[in-house]
Protein chains: 2
Amino acid sequence: MEKYRDIGLKLTPQRLAILHYLEGNKDHPSAESIYRAVHKKFPTMSLATVYSTLSVLKEKGSVLELTLDPGKKRYDPKTTLHNHLICVSCKRIVDIHGEYKLDLTENEKQEYTIIKSHVEFYGLCPECNKIKTSPAKEASPCA
Amino acid sequence: MEKYRDIGLKLTPQRLAILHYLEGNKDHPSAESIYRAVHKKFPTMSLATVYSTLSVLKEKGSVLELTLDPGKKRYDPKTTLHNHLICVSCKRIVDIHGEYKLDLTENEKQEYTIIKSHVEFYGLCPECNKIKTSPAKEASPCA
DNA sequence: GTACGTGCAAAGGTTTTGCATTACA
DNA sequence: TGTAATGCAAAACCTTTGCACGTAC
């Protein structure tokens, strides 16, 4: 946690609670769900503080803001390049770690400069896939 | 335009105006910008009508709702699979037509079912790229 | 001690909804 | 004519902002 002080963050109890919640979190939570989780253990926490902390973490490059969910932003503490699958059944967002060769044509290489890329897969997450392919059970949305 | 009646759409003047505006449109407009454009020619048009028409068109598969812009939805009348580049300079969204091999590992193939995929490139659009690579001019955001 | 974070409430932007009126088919 | 679309206003969300107060360093 000291690494956050090193990048110029004042470590208040509220921020520590948010940082602990985010550490290793693979749920790609929204501001609201971070707030709900942290508010349980820390009833004075306000939603504005969550937004303001996320804004600072984003500036410092310590979280990624994901634009995958129509209607709200999601946050990802994993900041190295990776891709995502959006489950069409349960709406969960899960990490996909493969690297892909996304080669532009020669024409396109002249026209554009590419800085980075991100792949969104739409399909079934492991849990919903299991339900669907399991012969014994009726298919039903997970979560 | 008759194809829309065929899919069960009542063709009101408002809807025709929206459909004309969307036809061949490559700007990936938001509801608000569709409203602004159509309202000029059609002053009685209301924003609620734009939303309701977009909702029907989406259901019928005649437009795609894009979740690329944090804070608002964008709409794309091109419904065949293609990818997008988000210009980090001018924020324009432009189509990228290459097809990519996005092969999952054997492990992943067992875990997931993939229905479709979409690649977001971040970089410079043709206009901003031209400005940047042109030696004679100062770089400046386009649009 | 000071600069910055917190919490509250209000405001801003996008999208949805309810309802009376209007118009397509 | 009947069903569905329109337009208006209000409400529902998500996110940002202003400001008085509190706290990490």
Side-chain angles (χ1 to χ4, degrees), chain A residues 1-21 28-60 62-75 91 93, chain B residues 1-21 28-60 62-75 91 93:
Chain A
M1 286 293 151
E2 287 306 310
K3 64 181 168 182
Y4 293 111
R5 195 169 357 239
D6 298 346
I7 60 175
L9 273 191
K10 269 195 193 173
L11 292 185
T12 65
Q14 291 90 333
R15 286 183 171 178
L16 286 170
I18 294 172
L19 290 168
H20 277 122
Y21 179 72
H28 311 89
S30 65
E32 176 69 30
S33 53
I34 296 169
Y35 171 70
R36 279 201 311 271
V38 177
H39 187 263
K40 274 182 207 159
K41 305 270 174 185
F42 209 121
T44 83
M45 167 75 62
S46 93
L47 187 52
T49 297
V50 174
Y51 276 108
S52 118
T53 298
L54 286 171
S55 159
V56 176
L57 291 175
K58 189 176 81 171
E59 265 172 39
K60 305 285 186 186
S62 296
V63 296
L64 251 37
E65 193 178 86
L66 303 180
T67 311
L68 300 178
D69 191 347
K72 57 172 156 295
K73 294 171 186 164
R74 303 274 207 127
Y75 295 88
K91 312 302 178 199
I93 296 173
Chain B
M1 285 292 148
E2 287 307 310
K3 63 180 171 182
Y4 293 111
R5 200 180 338 254
D6 297 345
I7 60 175
L9 270 192
K10 270 196 192 171
L11 290 184
T12 65
Q14 291 88 334
R15 286 182 169 179
L16 285 171
I18 294 171
L19 291 167
H20 277 122
Y21 178 72
H28 311 89
S30 64
E32 175 69 29
S33 53
I34 294 169
Y35 171 70
R36 278 201 310 272
V38 177
H39 187 263
K40 274 182 204 159
K41 305 270 174 186
F42 209 119
T44 82
M45 166 76 60
S46 93
L47 187 51
T49 297
V50 174
Y51 276 107
S52 118
T53 299
L54 286 171
S55 160
V56 176
L57 291 174
K58 190 176 80 173
E59 263 172 40
K60 304 285 186 186
S62 296
V63 297
L64 251 37
E65 192 178 86
L66 303 180
T67 311
L68 300 177
D69 192 347
K72 57 171 155 299
K73 294 171 187 165
R74 303 273 206 125
Y75 295 87
K91 312 301 178 201
I93 296 173

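Lettering follows sequence order; numbering is per chain, from 1. Since this is a predicted model, take the numbers as computed values, not measurements.
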Look at the side-chain N and O atoms of B:Q14 and state whether any lies under 4.0 Å from the OP1 or OP2 oxygen of D:dG7.
-> yes
The correct set of residues in residues 52-60 of chain A placing a heavy atom under 4.0 Å from DNA chain D is none
Separation of C:dT15 P from A:K72 NZ (nearest whole Å) | 14 Å
Partners passing side-chain hydrogen bond (donor to acceptor under 3.5 Å, both in side chains) against A:R15 (at least two apart in sequence or in another chain) = none
Computed from five pairs at either end and rounded to 10 degrees, the angle between the axes of the helix from C:dG1-D:dC25 to C:dA25-D:dT1 is 40°
Over all atoms of both residues, closest heavy-atom pair of B:S62 and B:I7 = OG-CD1, 3.5 Å
Please, which pairs that meet salt bridge (charged side-chain N to carboxylate O under 4.0 Å, His left out) have at least one residue in residues 33-53 of chain B, sequence neighbours excluded?
-> B:E32-B:R36
At under 4.0 Å between heavy atoms, which parts of nucleotides 17-25 of chain D does protein reach? Answer with one letter per nucleotide, 5' to 3': B base, S sugar-phosphate only, - none.
-> B------BS
A:S30 near the nucleic acid: base, sugar-phosphate alone, or nothing, with a heavy-atom cut-off under 4.0 Å?
-> nothing
To the nearest angstrom, how far is B:L47 atom CG from C:dG13 atom P?
-> 14 Å
Length of the line joining B:I18:CD1 and D:dA5:P, which is rounded to integer Å | 12 Å
Taking only residues two or more places apart in sequence or in another chain, which ones pass ring pair (Phe, Tyr, Trp, His ring centres under 6.0 Å) with B:Y35?
-> B:H39
Kindly say whether A:Y51 contributes a backbone atom to a donor-acceptor pair with the side chain of A:S55 at under 3.5 angstrom?
-> no
Would you kindly say whether A:S30 and A:S33 are connected by a side-chain donor-acceptor distance under 3.5 Å?
-> yes
Between the side chain of A:R74 and the main-chain N/O of A:H28, is any donor-acceptor distance below 3.5 Å?
-> yes
Would you kindly give the CG-to-P distance between B:D69 and C:dG13, to the nearest whole Å?
-> 15 Å
